[in-house]
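Structure record follows, encoded as structure tokens.
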There are 2 protein chains.
Amino acid sequence: MARIVDVAREAGVSTATVSRVLNGKDVNRELAAKVRSAVENLGYIPDRTARSLRRGASDVVALVLPDIENPFFTAVARGVEDVLHGAGYSVVLCNTDDDPGKEGRYLGVAEHENMAGVLIAPASGQPQLDALLDRGRAVVVLDRQVERPVDQVAFDNQALGERCARELLASGFHRIACITGPVGTRTAIERASGWSRALGAVGVDAPEDLLVHANFRVDGGYEALAHLLDLPEPPDAVLATNNLVGVGVLRALADSHVALTGHGRGDSAGAPVPGGAVGVGIIGDLPFATSRTTDVHLVPLNPRALGTTAAQLLLERLTDPGSPVRSIVQTVAPVGARH
Amino acid sequence: MARIVDVAREAGVSTATVSRVLNGKDVNRELAAKVRSAVENLGYIPDRTARSLRRGASDVVALVLPDIENPFFTAVARGVEDVLHGAGYSVVLCNTDDDPGKEGRYLGVAEHENMAGVLIAPASGQPQLDALLDRGRAVVVLDRQVERPVDQVAFDNQALGERCARELLASGFHRIACITGPVGTRTAIERASGWSRALGAVGVDAPEDLLVHANFRVDGGYEALAHLLDLPEPPDAVLATNNLVGVGVLRALADSHVALTGHGRGDSAGAPVPGGAVGVGIIGDLPFATSRTTDVHLVPLNPRALGTTAAQLLLERLTDPGSPVRSIVQTVAPVGARH
DNA sequence: TTGTATGCGTTATCAG
DNA sequence: CTGATAACGCATACAA
């Protein structure tokens, strides 16, 4: 394996000069050329470990996610990797299962491995970022905002909830339920608040019994829908605030032999018929749906773009640690989407 | 940040002794106790970077996968991470998109980053493992076997194909098509061969025009099914050899308004009716199916277990580099599965 | 600009 | 069994 000394010898210069060439410092053009050809000849690639030790920080970035089996987050991961691999960083995926304890452990690992930075979609509202921030590590929070001065990227969740609810209203549904995530999850709260707001805007108070907090997974949506169908006055439509909850809702409908419909009855009079058709709105996508979803009101997100944006923010933070903190809100996709 | 010298001073010993205690070498009990309490007091955690530089290998393992957005592989990743994180290793996910070029680049990175080992589901039949193996790095091939003396874990793919085809035969289907992956992908070939064999066992030659090679993604299954339905004599059932192809098949059926049925007509006489119901068998699972899949003949896999097995193999290789190479074939789940 | 020499934090060698 | 010290490979302060 070629080392920097080998390159130095081959090029007839010192290791310092080789290092400078490789790191873009000012070096005499001729010497630089010699160095480059020596690097080429020997197939020299710098040892990242030594470089990390010397620099005090590695070229690894931790991507800390609540659920790596959720296609939303795998798409985020792809966006992140596209950007960071291109910039010479490696990405380590960490799965927290939405458990603050696990999350804390991973953040500790990131700290003690001297990782260059951390991208995190926090499990709780208070991820333990202090140690990392105190040490000046680059940190970007994504998808779920936190109340701290730290770089962030997220969707406008309230707008998403509002828009999805509005689509359902516009399709003639009246009694619209909302199945959202845990009360401790910020995206869940915000999207539900958008639903509530949309209903308020047409003079309907969001009925408390139609707001269900579930977990943000398939079983959460499934059970929540079963519960809603059992109500004395069941809803005529359901808004699922994330993709997996949406899957659970659709599956529960199929299992209950309740039809899915894209349009409500439109007559403001009648209550929904128990056992009749139900409308469904979902914030997010259905990547592996096995049937057509033309009757589902999807408000698509772009998790991959969320990932690329977050990664770019991290790169900028790495190059300019002193720049002011930025909080970016991804705008909601402009086009009305009925897939 | 506490360093090893700080611990040494606090405990009144040399750094060498601290290192020995931390690495489980023989040390006087009293001194060891002092060291441990000093470690505790200072909250000392060894710098992995320095350790890696000194040891010549890091504690990072690369997990090289063809498609990180396929739930099959994310499940593999979870299995791998469960085991390796528990053993003190970090896992870096690398996505090759089934592109041998990308794969080669990642393997190069793994080599030059001095990673402890590599777990790989190869994109091609000849992944470039020589450099890693020559340097004595631990390598485990998973899911897709290669013709080399290297540790491997895979399913019995032919048995899987055979079993799925048999289920369809047992349900009364006669003209069974097979949609499998690219000709260059070993699992695709083997599972198709199982299908062929099952048909042969009941005296039916596997019709060439009913074997379709697609890519192993949703669009592959979708297009392949459309093609099959257009045949002069369409099949009455389809065997999808992986999960995503299965999703594509189901989606195509839904889009074509072709019904899905669990049972064939059973009368050996008639050819399938064009536009009539079609049976579906899938090797793998449908994690995010949005409708009931009771009529689908699923042959479930356990990708997470594949991951844990592969990771354990890697750990054993790391601790005992000289042990003989092992090739493990995961047995097919025993119970007949009709979900 | 270039070279020399030192240090990053840990582990392994070697002498005691 | 323990301690002093060299070495892993690279980047930088300092001197030239």
Side-chain angles (χ1 to χ4, degrees), chain A residues 1-36 38-39 42-60 88 109 111-116 135-137 318-319, chain B residues 1-36 38-39 42-60 88 90 109 111-116 135-137 318:
Chain A
M1 197 69 221
R3 293 305 168 205
I4 198 171
V5 284
D6 306 316
V7 178
R9 193 180 314 119
E10 171 102 358
V13 298
S14 73
T15 61
T17 298
V18 176
S19 175
R20 285 193 265 260
V21 171
L22 265 47
N23 291 291
K25 317 274 183 188
D26 276 344
V27 170
N28 178 293
R29 305 188 63 86
E30 286 186 34
L31 287 188
K34 279 188 187 171
V35 169
R36 277 187 237 286
V39 166
L42 301 173
Y44 169 71
I45 296 181
D47 183 303
R48 317 288 274 245
T49 310
R51 173 175 283 182
S52 301
L53 178 61
R54 181 59 231 243
R55 288 189 176 162
S58 79
D59 47 10
V60 174
V109 169
E111 181 195 346
H112 296 295
E113 290 250 18
N114 291 325
M115 292 189 187
R135 299 170 78 85
R137 300 274 177 234
L318 285 167
T319 49
Chain B
M1 198 66 218
R3 296 303 169 205
I4 198 171
V5 283
D6 305 318
V7 177
R9 195 179 312 121
E10 171 102 358
V13 299
S14 73
T15 60
T17 299
V18 176
S19 175
R20 285 193 268 259
V21 171
L22 264 48
N23 291 291
K25 318 275 182 186
D26 276 345
V27 170
N28 177 292
R29 304 188 65 85
E30 287 185 34
L31 287 188
K34 279 187 186 173
V35 168
R36 276 186 239 284
V39 166
L42 300 173
Y44 169 71
I45 297 180
D47 184 303
R48 319 287 275 250
T49 310
R51 172 176 286 179
S52 301
L53 178 61
R54 183 57 235 235
R55 288 191 175 162
S58 79
D59 47 11
V60 174
S90 300
V109 170
E111 181 194 348
H112 297 293
E113 289 249 20
N114 290 325
M115 291 190 188
R135 299 171 78 83
R137 301 273 177 233
L318 285 167

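Throughout, a chain's letter reflects where its sequence line sits, starting with A, and its residues are numbered from 1. Side chains included, hydrogens not; waters and symmetry mates left out as well; all remaining heavy atoms used.
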Within a strict 4.5 Å, meaning less than it, do heavy atoms of the B:Val13 and B:Val21 side chains meet? no

Going by the rule side chain to side chain donor-acceptor pair (under 3.5 Å), which residues pair with A:Thr17 if we only count those two or more places apart in sequence or in a different chain? A:Ser14

Choose from D:dG9, C:dT1, C:dG3 the nucleotide whose nearest atom is closest to any side-chain atom of A:Asp26. C:dT1

How would you label the contact of B:Val27 with the nucleic acid (heavy atoms, under 4.0 Å): base, sugar-phosphate, or nothing? sugar-phosphate

For B:Arg51, all residues meeting side chain to side chain donor-acceptor pair (under 3.5 Å), sequence neighbours excluded: none

Check side chain to side chain contact (heavy atoms under 4.5 Å, CB included) between B:Ala50 and all other residues, then give those that pass, not counting sequence neighbours. A:Leu53, B:Asp47

State which residues pass side chain to side chain donor-acceptor pair (under 3.5 Å) with A:Arg55; sequence neighbours excluded, sorted by chain then number. A:Asn23

Short side-chain N/O contact from B:Thr17 to OP1 or OP2 of D:dT2, under 4.0 Å: no

Under 4.0 Å protein heavy-atom contact, by nucleotide of nucleotides 11-16 of chain C - B base, S sugar-phosphate only: BBB---

d(CG, A:Leu53; C1', C:dT6) in whole Å: 13 Å

Qualifying residues under side chain to side chain donor-acceptor pair (under 3.5 Å), relative to B:Arg36, sequence neighbours excluded: none

Residues at least two apart in sequence or cross-chain that pass side chain to side chain contact (heavy atoms under 4.5 Å, CB included) with B:Ile4, listed by chain then number, are B:Thr15, B:Val18, B:Ser19, B:Tyr44

Just report the end-to-end axis angle for the helix from C:dT1-D:dA16 to C:dG16-D:dC1, five pairs per end, to 10 degrees. 40°

Quick one: which residue pairs count as a salt bridge (charged side-chain N to carboxylate O under 4.0 Å, His left out) with a foot in residues 4-25 of chain A, not counting sequence neighbours? A:Asp6-A:Arg9

